[in-house]
Protein chains: 2
Amino acid sequence: MPKVTFFNLDPEKRQAVVEASVKEFAEHPYEQASLSRIVENCGIAKGSMYQYFEDKLDLYLYIVDLAYEQKRTYVSQAFSLDADIFTVLDEYYRQSYLFAKDFPLLHQVANNFWDSRVLLPQIEEGRIDRSRDFLKFLEVAIASGAVNPNLDPQAVFFVYHAVGKDLVDHFEQGANDEYIGQVLDVLRYGLQVRKED
Amino acid sequence: MPKVTFFNLDPEKRQAVVEASVKEFAEHPYEQASLSRIVENCGIAKGSMYQYFEDKLDLYLYIVDLAYEQKRTYVSQAFSLDADIFTVLDEYYRQSYLFAKDFPLLHQVANNFWDSRVLLPQIEEGRIDRSRDFLKFLEVAIASGAVNPNLDPQAVFFVYHAVGKDLVDHFEQGANDEYIGQVLDVLRYGLQVRKED
DNA sequence: AGAGGATGTGACTGGGTGGTCACACCATTG
DNA sequence: CAATGGTGTGACCACCCAGTCACATCCTCT
């Protein structure tokens, strides 16, 4: 948590600090990110930074929080949709995509955090949260008869999460709406040919 | 490429250098790996290291090569199998798993390399190679009638690759044979219920 | 024995890092 | 006016890094 001094700051200055930090943590994982570069980029003194934050980690976690907060405003729309599971998943991937397109730096920050090896507990916690939501959704979908009940729910979550993560990773290389649809088709229909077709 | 001096070395010493380097590059991504720690761990002088390798990057790429060479001896078995695509993919994932179990440090080295941001071209090259092999296999499988021809081959590769990578990532947390089978079931049958069942 | 080339060595260089601290500044009080 | 306390500052500290180099050591061939 930032110190009170940070929130007393002139908003313009505070914004400059945030922007420079976001840029740094987007371009470098935590360990390689440099406080010296950040203060250079936003034109404040090194010492000032330590009036605002406890240390480098405190600043980092604050920036990561900002990123996930913004992301949540996008993806939460998907889960509040009153539709079948395929529509929800489609929307979820699409909202992730929009977030990455609208806030590429915040997207990178979140990505770097997920890949990081510091503070595994916090990452693991987020993973469990996401898994719970997903599994609840899956249960309903199975009960409604839309989803193949022979599959292992944990394995389904694993597959969807792995694909979603990589899908987002590759947005920078220009994945588009149509491609997302095709990827989802693979997950929906499976690889094996369907006799019914 | 290491210098000739390295290959003239007493094998026992050479092994010590390799082992210490593998350990370091398994525990830290390239940028954070420390030559000072390596030489400390294998008991040779810093200067000696520069008799064996051009620089840190030279050493790193040599170690990465070792890792992939070892991995290839495992996964290549899958592709030489004369079986249907599902058996081959199953075997591919399983061999990746065995490699990670038998050589956890080399597995970590390869993983770190794949996630790294240095030398993107070399990583991209490997990605294209794997994609080519996979797509060729897929073509045959579609022609043979085993695989749903309505799916986009690029999207199929994308999904399988994403899942395979995460599957391997999580081996350390104890994924097992049965779990691999269940994950593959998800990919094979898809999420949507099959009318034929 | 001596010469010469290959190899081993670790103190050192220049540059980076996160974090500190004595001091300067400034606004609000009494 | 003076005093107080929150805020800004950048030189500085201790530490770590990749890479160098003058020198020591060893081996082989003459």
Side-chain angles (χ1 to χ4, degrees), chain A residues 1-64 112-113 116-119, chain B residues 1-64 112-113 116-119:
Chain A
M1 281 278 293
K3 300 181 180 174
V4 284
T5 329
F6 179 67
F7 296 108
N8 293 341
L9 227 50
D10 171 39
E12 204 171 311
K13 202 169 182 179
R14 197 166 58 218
Q15 187 61 19
V17 170
V18 167
E19 272 176 24
S21 304
V22 165
K23 183 163 179 287
E24 182 69 15
F25 289 124
E27 288 171 357
H28 306 275
Y30 173 68
E31 290 88 348
Q32 285 153 247
S34 156
L35 266 175
S36 307
R37 270 196 299 258
I38 292 176
V39 298
E40 195 182 346
N41 280 342
C42 63
I44 69 166
K46 187 97 154 270
S48 296
M49 215 63 185
Y50 286 84
Q51 306 273 15
Y52 309 148
F53 300 92
E54 290 296 337
D55 51 21
K56 186 184 174 182
L57 186 61
D58 187 31
L59 166 62
Y60 180 60
L61 293 179
Y62 175 67
I63 297 295
V64 168
N112 285 345
F113 175 71
S116 157
R117 285 189 229 169
V118 283
L119 292 188
Chain B
M1 281 277 291
K3 301 180 180 176
V4 284
T5 327
F6 180 67
F7 296 108
N8 293 340
L9 228 51
D10 170 38
E12 205 170 311
K13 202 169 181 179
R14 198 166 57 217
Q15 187 61 19
V17 170
V18 167
E19 272 175 25
S21 303
V22 165
K23 183 163 179 287
E24 181 68 16
F25 289 123
E27 288 171 358
H28 306 275
Y30 173 68
E31 290 88 347
Q32 285 155 244
S34 156
L35 266 175
S36 306
R37 270 195 301 257
I38 293 177
V39 298
E40 195 182 347
N41 280 342
C42 64
I44 68 167
K46 187 95 156 270
S48 297
M49 216 62 185
Y50 287 84
Q51 305 274 14
Y52 309 148
F53 300 93
E54 289 295 337
D55 51 21
K56 186 183 172 183
L57 186 61
D58 188 30
L59 166 63
Y60 180 60
L61 293 179
Y62 174 68
I63 297 295
V64 167
N112 284 346
F113 175 71
S116 156
R117 285 190 229 169
V118 284
L119 293 189

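Side-chain atoms are counted along with the backbone in the values below, which use heavy atoms only and exclude waters and symmetry mates. Values in this document were obtained by computation on a predicted structure and should not be read as measured data. Residue numbering restarts at 1 for every chain, and letters A, B, ... go by the order of the sequence lines.
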Distance check needed: [N] [atom2] versus [X] [atom1], whole Å only.
| X | N | atom1 | atom2 | value |
| --- | --- | --- | --- | --- |
| A/Glu31 | D/dC15 | CD | C1' | 17 Å |
| A/Leu35 | C/dG16 | CG | C1' | 13 Å |
| B/Gln32 | C/dT17 | CD | P | 14 Å |
| A/Asn8 | C/dT28 | CG | P | 13 Å |
| B/Met49 | D/dT20 | CE | P | 14 Å |
| B/Lys46 | D/dC16 | NZ | P | 12 Å |
| B/Gln51 | D/dT20 | CD | P | 12 Å |
| A/Arg14 | D/dT7 | CZ | C1' | 15 Å |

Aromatic A/Phe6 / basic A/Lys13 pairing, under 6.0 angstrom, 45° off normal: no
Test: B/Lys3 cationic atom under 6.0 Å from B/Phe53 six-membered ring centre, within 45° of axis: no
Which part of the nucleic acid does [X] contact within heavy-atom distance under 4.0 Å: base, sugar-phosphate only, or nothing?
| X | result |
| --- | --- |
| A/Leu9 | sugar-phosphate |
| A/Lys3 | nothing |
| A/Ile38 | nothing |
| B/Tyr52 | sugar-phosphate |

Parallel, tilted or perpendicular, as decided by the 30° and 60° cut-offs, for the rings of B/Phe113 and B/Tyr60: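 The rings of B/Tyr60 and B/Phe113 sit tilted, inter-plane angle from 30° to 60°.
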Over all atoms of both residues, closest heavy-atom pair of A/Met49 and A/Ile44: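 Result for this residue pair: SD-CD1, 3.6 Å.
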Any A/Arg37 side-chain nitrogen or oxygen under 4.0 Å from OP1 or OP2 of C/dG16: no
Nearest to side-chain heavy atoms of A/Ser34, which nucleotide of C/dT7, D/dG10, C/dT17: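 The answer is C/dT17, which lies nearest to the side chain.
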Nucleotide of D/dG10, C/dG18, C/dG10 approaching A/Ser36 most closely (side-chain heavy atoms):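 My answer, after comparing the listed nucleotides, is C/dG18.
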Closest-nucleotide 5' rank along DNA chain D - winner of A/Ser48 and B/Lys56: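 Whichever sits nearer the 5' end wins; that is A/Ser48.
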Carboxylate-amine/guanidinium proximity below 4.0 Å for B/Lys23 and B/Glu19: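 A salt bridge is absent here (no side-chain N lies under 4.0 Å from a carboxylate O).
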